[in-house]
Protein chains: 2
Amino acid sequence: MKKIINPNKADWPKILERPVRAFDDIEELVKNVFSDIDRNGDLSVKKYTALYDQVDIDEFLVDDDTIVQASSQISEELKNAIKLAKENIEKFHRNQITETVKTETTGGVVCWQVKKPVEKIGLYIPGGTAPLFSSVLMLAIPAKIAGCSEIILCTPPDKKGNINPAILYTAELCDVTKIAKIGGVQAIGAMTFGTESIPKVDKIFGPGNQFVTVAKQIATKYGVAIDMPAGPSELLVVADQNSNAAFIASDLLSQAEHGTDSQVVLVSTSKTMLNEVEKEVKKQLEVLERKEIAKKSIFNSKLIYVESEEKAVDMINTYAPEHFIIASENELFFIENIKNAGSVFIGQYTPESAGDYASGTNHTLPTNGYAKAYSGVNLDSFLKSITFQRISAEGLKNIGNAIEVMAEAEGLQAHKNAVSIRLNSLKDV
Amino acid sequence: MKKIINPNKADWPKILERPVRAFDDIEELVKNVFSDIDRNGDLSVKKYTALYDQVDIDEFLVDDDTIVQASSQISEELKNAIKLAKENIEKFHRNQITETVKTETTGGVVCWQVKKPVEKIGLYIPGGTAPLFSSVLMLAIPAKIAGCSEIILCTPPDKKGNINPAILYTAELCDVTKIAKIGGVQAIGAMTFGTESIPKVDKIFGPGNQFVTVAKQIATKYGVAIDMPAGPSELLVVADQNSNAAFIASDLLSQAEHGTDSQVVLVSTSKTMLNEVEKEVKKQLEVLERKEIAKKSIFNSKLIYVESEEKAVDMINTYAPEHFIIASENELFFIENIKNAGSVFIGQYTPESAGDYASGTNHTLPTNGYAKAYSGVNLDSFLKSITFQRISAEGLKNIGNAIEVMAEAEGLQAHKNAVSIRLNSLKDV
């Protein structure tokens with residue numbers, strides 16, 4: 001771990017820099033796969049599945065029998081845990097529903113905004129060593145509350161052409177419409193253009209490796225929206241002299257095990273605490289299953305001493321962490337002054353992994369400093385706002401002249417005419 | 001105008017197709033300008049301003065004297081119109097403020113979401129023949145309500161190096177922090193990387209030509225968020241046999257005058273109405289100042305007869321118009337069944353130009369079918385949601401086991417440990 005004592009503000013951006021990721025070489029590959037899928041549909045999805053996942057798939061959509069069987073393939077204990085998590089995530093996201101407010105901006109001019117679901121959405125769930133059924137919960141639950149009419153889930157098949165039963169069980173529990181055994185760039189391509197078996201969607205959600213990330217970015221060129229740009233996972237903890245070093249070390253390691261490019265930062269007003277956490281990290285690291293991964297990201301992690309909590313929060317806002325744990329006693333100060341973060345965990349019994357699974361908040365969050373401008377996935381990610389306005393004859397009399405004057409000044413005479421022709425008709429009455 | 005009678009649903013996408021716009025050639029140019037600005041800052045902004053705007057600018061930021069003088073250069077009538085519009089836009093956007101709701105998802109587990117402003121935002125206002133001060137209102141007003149701390153406005157200088165006083169006046173009225181005489185790709189580049197005189201921003205808003213559109217898209221690769229992808233403006237009107245043909249024609253023309261690629265569609269359950277509107281359009285077109293532009297887009301416009309209002313709304317949802325005027329008597333049916341649209345104008349005294357200027361709704365709206373997944377600009381566009389959670393010892397006892405089981409099943413042992421170490425410490429108590 002790199003220890004940094006009292007750095008100058010001018011050096012913060014350098015110290016807190018994320019690893020640069022250049023994707024230009026991947027773009028070409030993605031564009032080729034996309035244009036192939038656009039022209040040849042399922043046939044080319046089949047081809048890329050054979051190439052990248054090394055398995056021949058004839059029928060991409062998982063059939064009902066397989067989904068039903070999945071339930072018997074996982075333990076009751078896991079099913080109950082998933083149900084508890086589902087309940088909490090549902091409660092939190094359901095409380096994000098907002099009411100429509102009608103505003104009479106001027107007499108006779110009434111405006112309002114209605115949120116409607118994005119109709120067709122695609123969820124991408126990565127494959128690999130860990131079956132990320134928790135991401136299914138995080139995406140399908142708010143989609144269902146929003147009222148999306150079609151929820152397509154794509155996830156790569158294993159070498160035998162199967163999908164992990166925990167993913168199938170969770171998808172079924174959350175009312176996903178269709179589950180497809182398609183991974184990587186070809187999954188994003190299929191949902192972008194639509195194929196014989198996969199519908200074209202309006203918006204694509206979900207995590208993925210760099211290929212999926214680039215594919216999602218390129219999908220936006222074809223009119224498909226995405227949840228947010230993705231990057232390696234991050235955690236920043238702020239601690240004082242009385243924090244629990246063992247708890248903090250466990251949180252830093254839980255982030256570090258995600259991948260070798262995960263970012264882990266501890267900011268503290270106590271040098272002793274930095275040293276204690278460093279010791280604890282070394283101790284806990286030894287017994288981890290994913291020790292080799294965690295070791296690499298911990299090696300790049302930063303332990304930063306700052307003189308004051310004011311400096312700490314200023315630095316944290318500059319970094320804009322995806323996950324931010326407040327392990328300092330002065331909780332309220334940080335709650336009030338944090339401006340840029342994805343999700344905030346307050347107090348010593350709130351580990352980051354609680355938000356990953358079961359507290360109720362969403363774990364799809366802005367990384368890479370995107371928290372300065374992006375929200376994490378929430379109910380609104382599955383909705384869009386449509387504005388409405390109704391103007392009475394009286395209302396048009398009240399604001400019509402202002403519109404005429406402004407349209408004239410912008411050189412848009414037809415805009416003015418649309419008002420004048422109506423105001424003239426009212427003069428006759 | 002192209003008249004289409006009762007088309008098959010299978011043909012709708014073809015009939016409602018937007019003009020294809022290929023931008024690959026522009027991308028290269030934008031990338032070069034960006035990399036130049038990234039390396040050379042103001043110096044290269046100056047170079048591109050001389051090249052594209054044909055004017056030498058030494059000081060990009062407009063000084064206070066010039067801003068104060070602007071107020072005396074525009075009429076009281078226009079100032080009053082702008083003030084009226086400002087008041088309505090403010091009222092409507094202020095009513096979009098939502099309260100934070102705390103949810104106890106499980107005993108001892110409290111989650112909530114807080115909206116915080118995007119701190120630094122950039123507004124792009126195009127130059128050209130029309131000074132689009134109305135776009136300043138639409139972007140700066142909600143930014144101010146949201147609490148953005150820095151609002152940078154970039155707009156191209158004219159050949160004399162000046163900015164239209166109506167834009168300066170409106171920017172000052174709306175508390176814009178800095179106004180810069182920079183246009184096009186170089187403006188987006190300057191706000192993406194930051195230069196000696198222009199700060200790097202977190203999110204860029206505003207309309208523009210195809211160069212600006214591509215530049216905004218590429219800015220997202222450098223971690224800057226944008227309001228939404230842009231395309232030519234569109235209007236769809238639905239009418240029945242009793243609609244006012246002259247009013248509808250005036251609305252179609254107000255959209256058509258925007259540019260030769262503007263999209264104008266009339267859907268009606270009455271063939272007579274289609275014919276009447278066609279006649280009215282011809283008549284009104286003759287006296288327009290921007291006749292040549294409007295003529296071209298009207299030539300490509302569609303008059304579509306459908307048998308029923310069910311079919312009409314189905315087709316409209318397939319198209320997802322930026323602007324949707326309900327000129328049919330059966331208003332409620334369309335209000336309830338519209339799923340995809342940017343902004344909706346109800347009744348015969350609600351011309352689309354009301355929403356462009358003064359009703360209070362925002363005129364920055366999703367074009368090109370993006371209304372299926374994107375909202376128009378609203379207060380939330382200037383905010384991001386941060387989630388918070390606080391778990392008590394009791395709360396962790398309630399959900400801790402579920403987290404452990406799920407983390408284990410996903411193969412993430414360190415995630416499990418972060419809970420176990422805390423639960424163990426509670427056993428000792």
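Chain naming here is simple, since letters A, B, ... match the order of the sequence lines and numbering starts at 1 in each. Reckoned from all heavy atoms, side chains included, excluding hydrogens, waters and symmetry mates.
Interface residue A:Leu137: only side-chain heavy atoms are found under 4.5 Å from chain B. Both the backbone and the side chain of B:Thr220 come within contact range of chain A, judged by heavy atoms closer than 4.5 Å. Using a 4.5 Å cut-off between heavy atoms, B:Glu99 makes no contact with chain A at all. Heavy-atom distances place both the backbone and the side chain of A:Ala358 under 4.5 Å from chain B. Heavy atoms of B:Val405 lying under 4.5 Å from chain A belong to its backbone as well as its side chain. If you measure heavy-atom distances from B:Phe92 to chain A, the contacts under 4.5 Å come from both the backbone and the side chain. In this structure, chain A has a heavy atom under 4.5 Å from the side chain of B:Asp380, while its backbone stays farther away. Using a 4.5 Å cut-off between heavy atoms, B:Glu352 contacts chain A through its side chain alone, with no backbone atom that close. In this structure, the portions of B:Ala409 lying under 4.5 Å from any heavy atom of chain A include both its backbone and its side chain. Residue contact with chain A, scored on non-hydrogen atoms closer than 4.5 Å, involves the backbone and the side chain of B:Ile338 alike. Using a 4.5 Å cut-off between heavy atoms, B:Lys384 touches chain A through backbone and side chain atoms alike. Residue B:Glu90 does not touch chain A at all, counting heavy-atom pairs closer than 4.5 Å. Using a 4.5 Å cut-off between heavy atoms, A:Leu84 touches chain B through its side chain atoms alone. Neither the backbone nor the side chain of B:Ile121 comes within less than 4.5 Å of any heavy atom of chain A. Proximity to chain B (any heavy atom under 4.5 Å) is shown, for A:Ala249, by neither the backbone nor the side chain. Contacts of A:Gln96 with chain B are made by side-chain atoms alone, with heavy-atom separations under 4.5 Å and no backbone atom involved. In this structure, no portion of B:Phe324 lies under 4.5 Å from any heavy atom of chain A. Proximity to chain A (any heavy atom under 4.5 Å) is shown, for B:Ile421, by both the backbone and the side chain. In this structure, the portion of B:Ala371 lying under 4.5 Å from any heavy atom of chain A is its backbone and not its side chain. Heavy atoms closer than 4.5 Å to chain B are found nowhere in A:Ile89, neither backbone nor side chain.
Ranked by heavy-atom pairs shorter than 4.5 Å toward chain A, the options B:Ala407, B:Gly376, B:Gly347 are led by B:Ala407. Heavy-atom pairs under 4.5 Å with chain B peak, among A:Val109, A:Asn362, A:Leu288, at A:Leu288. Ranked by heavy-atom pairs shorter than 4.5 Å toward chain A, the options B:Asn368, B:Ile335, B:Asn80, B:Ile326 are led by B:Ile335. With respect to chain B, the highest number of heavy-atom pairs below 4.5 Å among A:Ala393, A:Pro229, A:Gly395, A:Gly411 belongs to A:Ala393. When the candidates A:Leu78, A:Asn88, A:Val118 are compared by the number of heavy-atom contacts under 4.5 Å with chain B, A:Asn88 comes out ahead. The candidate with the highest count of non-hydrogen atom pairs below 4.5 Å against chain B, out of A:Ala166, A:Ala354, A:Cys111, is A:Cys111. Considering only heavy-atom pairs separated by less than 4.5 Å from chain A, the leading option among B:Glu404, B:Met228, B:Lys115, B:Gln113 is B:Gln113. Most heavy-atom pairs under 4.5 Å with chain B, from the set A:Thr98, A:Val101, A:Leu132: that is A:Leu132. The most heavy-atom pairs under 4.5 Å with chain B, out of A:His258, A:Gln284, A:Gln255, A:Lys83, come from A:His258.
Counting only heavy atoms from C-beta outward, the side chains of A:Asn417 and B:Leu253 never approach each other to under 4.5 Å. Side chains of A:Lys203 and B:Tyr374 form no contact here, defined as non-hydrogen atoms less than 4.5 Å apart. By the 4.5 Å heavy-atom criterion applied to side chains, A:Arg422 and B:Asp251 are counted as neighbours. No side-chain heavy atom of B:Thr387 sits under 4.5 Å from any side-chain heavy atom of A:Val344. Under the 4.5 Å side-chain criterion, counting only non-hydrogen atoms from C-beta, B:Lys102 is not in contact with A:Asn95. The shortest distance between side-chain heavy atoms of A:Ser353 and B:Lys416 does not fall below 4.5 Å. Looking only at side-chain heavy atoms (C-beta outward), B:Phe247 and A:Ser425 come within less than 4.5 Å of each other. Counting heavy atoms from C-beta on, the side chains of B:Thr103 and A:Arg94 never come closer than 4.5 Å.
A donor-acceptor distance shorter than 3.5 angstrom exists from the side chain of B:Glu257 to the backbone of A:His415, with no hydrogens or angles considered. Side-chain N or O atoms of A:Glu410 include one that pairs as donor or acceptor with a backbone N or O of B:Ser134 at under 3.5 Å. Side-chain atoms of B:Gln413 come within 3.5 Å of backbone N or O of A:Glu289 as a donor-acceptor pair. Using a distance-only test at 3.5 Å, with no hydrogens or angles considered, a donor-acceptor pair links the side chain of B:Thr350 to the main chain of A:Ile391.
Separation of atoms CZ (B:Phe388) and CZ (A:Phe345) is listed at 11.0 Å; rounding is to 0.5 Å. We find the CD-OG1 distance between B:Glu87 and A:Thr106 to be 7.0 Å, quoted to the nearest 0.5 Å. A distance of 7.0 Å separates CG of A:Asn340 from CG of B:Asp202, quoted to the nearest 0.5 Å. Going from atom OG of A:Ser385 over to atom CG of B:Leu379 covers 10.5 Å, rounded to the nearest 0.5 Å. Rounding to the nearest 0.5 Å gives a distance of 9.0 Å between CD of B:Glu408 and CD of A:Glu77. Of the inter-residue distances, the one linking A:Ser375 atom OG with B:Ile386 atom CD1 reads 8.5 Å to the nearest 0.5 angstrom.
A salt bridge links B:Glu331 with A:Arg390: the distance from a Lys NZ or Arg NE/NH1/NH2 to an Asp or Glu carboxylate oxygen falls below 4.0 Å. Note on A:Glu119 versus B:Lys372: no salt bridge recorded, every NZ/NE/NH1/NH2 to OD/OE distance being 4.0 Å or above. Looking at A:Lys221 and B:Glu27, a side-chain N of the basic residue comes within less than 4.0 Å of a carboxylate O on the acidic one, giving a salt bridge.
The shortest non-hydrogen separation linking A:Val419 to B:Pro351 is CG2-CG, 4.0 Å. Heavy atoms only, all atoms of each residue included: B:Ser254 and A:Ala418 are closest at CB-CB, 4.5 Å. Contact between B:Ser359 and A:Thr105 at its shortest, heavy atoms only, is O-OG1, 2.7 Å.
Side-chain contact check for B:Gln389 and A:Thr361: at least one donor-acceptor pair (N or O, by modelled atom type) lies under 3.5 Å.
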Check the pair B:Tyr349 / A:Leu426 against side-chain contact (heavy atoms from CB on, under 4.5 Å), numbers first and verdict last. CA-CA 10 Å; B:Tyr349 295 114; A:Leu426 289 170; 3.4 Å; yes
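By the neighbour-count criterion of 12 heavy atoms within 6.0 Å, atom NZ of B:Lys339 is sparsely surrounded, having that number or fewer from other residues, nucleotides or ligands. Crowding of B:Lys116 atom NZ: a count of heavy atoms from other residues, nucleotides or ligands under 6.0 Å exceeding 12.
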